[in-house]
Amino acid sequence: MRNTAKFTTAVLAAGALTLGLTACGSDKGSTSASASTSDTSGPLIVAASPTPHAEILNFVKDNLAKKAGLDLEVKEFTDYVTPNTATEDGSVGANYFQNQPYLDDFNKKNGTHIVPVVTVHLEPLGLYSHKVKSADALKSGATIAVPNDSVNEARALKLLAANGLITLKAGAGNEATPADITANPKKLEFKELEAAQTPRSLDDVDAAVINGNYAIEADLKPASDALVLESAKDNPYGNFLAVKKGDESDPRVKKLAKLLTSPEVKKFIQDKYAGSVIASF
């Protein structure tokens, strides 16, 4: 039986605001949530986005963890802030939801000390639409929804640039915004939304750039439904297991890292996600 606590988008906002960002998750009072990361005798509590991260972790929990001697607890969060703040303050022992550019930006802005342990998979970012069948069919003045956090917005703009829809100024990096667009032949307009809201915007905009996990949660199939999709080759946005600096040597973390990069997990990812999530090991 899975011991998974789901988190909605309200109550922990105050806690995350102390680090300069609004959190969208809430702890519903699990007694094990207060376990310190310095105590390695209890279960390893891992914060994760529901799809695919928690699904992958629950596969490990249900099929591999017991044999490896790992007591694993999975907590689901629906935002990209609370998993890091909870890891920093010790409410959880690890998290699994993010990529390196996002983590670098988060640590810099919030003074946190989260570090990657092992990269597990890539979720290709894609452009989706309920109104057109191809990117070329977007009309002049079309509105495109993009994630509003700095790294994912830059990633979205790079995707559009790679497919000829816009041009970004030379050197535009992981903090690129629409202000860095130097050519916009279709006169596209951009609607900046929280990443989790982008799938819900599809009926209101002409197209939306959606993170892979949120696309899957919205019953979109990135491999077949995206108008354009990130290439997996040389992609820096692989998602990894992460911990607070100093906890990398926790034996529970080491066990989970090994299980997350096992042949069994690779097969699970391939079978379940059919190219919409790609194993990175």
Side-chain angles (χ1 to χ4, degrees), residues 21 24 49 51-52 78-81 97-106 109 121-132 134-218 220-239 276-278:
L21 288 170
C24 298
S49 298
T51 305
T78 59
D79 73 295
Y80 287 166
V81 176
F97 77 101
Q98 65 192 321
N99 57 54
Q100 190 68 59
Y102 180 84
L103 176 59
D104 289 344
D105 182 71
F106 191 96
K109 289 180 176 177
H121 76 269
L122 171 71
E123 301 160 29
L125 198 74
L127 177 68
Y128 300 84
S129 177
H130 284 171
K131 299 177 180 178
V132 298
S134 70
D136 291 340
L138 288 167
K139 295 180 180 179
S140 179
T143 299
I144 311 295
V146 295
N148 65 1
D149 63 273
S150 58
V151 170
N152 281 305
E153 182 170 48
R155 188 179 174 190
L157 295 175
K158 289 177 184 179
L159 173 67
L160 299 178
N163 287 276
L165 292 169
I166 59 172
T167 302
L168 292 172
K169 71 179 181 183
N174 291 325
E175 296 183 357
T177 71
D180 295 306
I181 296 172
T182 58
N184 186 359
K186 287 183 177 286
K187 298 180 173 59
L188 300 175
E189 297 182 3
F190 297 93
K191 186 173 184 178
E192 297 166 299
L193 300 172
E194 183 186 356
Q197 301 299 319
T198 52
R200 302 171 199 172
S201 74
L202 282 171
D203 290 331
D204 302 317
V205 298
D206 295 289
V209 180
I210 303 174
N211 291 77
N213 60 312
Y214 292 131
I216 296 168
E217 286 177 25
L220 295 166
K221 296 179 174 59
S224 57
D225 293 340
L227 305 183
V228 297
L229 194 66
E230 278 182 326
S231 170
K233 184 178 180 180
D234 300 323
N235 195 302
Y237 297 105
N239 285 201
S276 296
V277 176
I278 302 167

Can you check side-chain contact (heavy atoms from CB on, under 4.5 Å) on I181 and F190, steps first, answer last?
-> CA-CA 11 Å; I181 296 172; F190 297 93; 3.4 Å; yes
Step-by-step side chain to side chain donor-acceptor pair (under 3.5 Å) determination, K158 to N163 = CA-CA 9 Å; K158 289 177 184 179; N163 287 276; over 6 Å; no
Kindly indicate, with the supporting measurements, whether the criterion side chain to side chain donor-acceptor pair (under 3.5 Å) is fulfilled by Y237 and N152.
-> CA-CA 10 Å; Y237 297 105; N152 281 305; over 6 Å; no
Passes side-chain contact (heavy atoms from CB on, under 4.5 Å), Q98 versus N239? Steps please.
-> CA-CA 5 Å; Q98 65 192 321; N239 285 201; 6.0 Å; no
side-chain contact (heavy atoms from CB on, under 4.5 Å) between L138 and D206, worked out = CA-CA 7 Å; L138 288 167; D206 295 289; 4.2 Å; yes
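Between L193 and A145, the closest heavy-atom pair is CD1-CB, 4.0 Å. Contact between Y80 and Y214 at its shortest, heavy atoms only, is OH-CE1, 3.2 Å. The heavy-atom pair separating L220 from L202 by the smallest distance is CD1-CD1, 4.1 Å. The shortest heavy-atom contact between S276 and P222 is OG-CD, 3.1 Å. Closest of all the heavy-atom pairs between E153 and P147 is CB-O, 3.1 Å. Scanning all heavy atoms of the two residues, the minimum distance from G238 to L122 falls at N-CD1, 4.1 Å.
The one candidate from I144, V205, V146, N148 that meets the side-chain contact (heavy atoms from CB on, under 4.5 Å) condition with K191 is V205.
In this structure, the side chains of I278 and H121 stay at 4.5 Å or more apart for every pair of heavy atoms. Between L188 and I166 there is a side-chain heavy-atom pair separated by less than 4.5 Å.
To the nearest 0.5 Å, the span separating OG1 on T198 from CD on E192 amounts to 13.0 Å.
A donor-acceptor pair under 3.5 Å is absent between the side-chain atoms of E175 and the main chain of S150, judged by distance alone.
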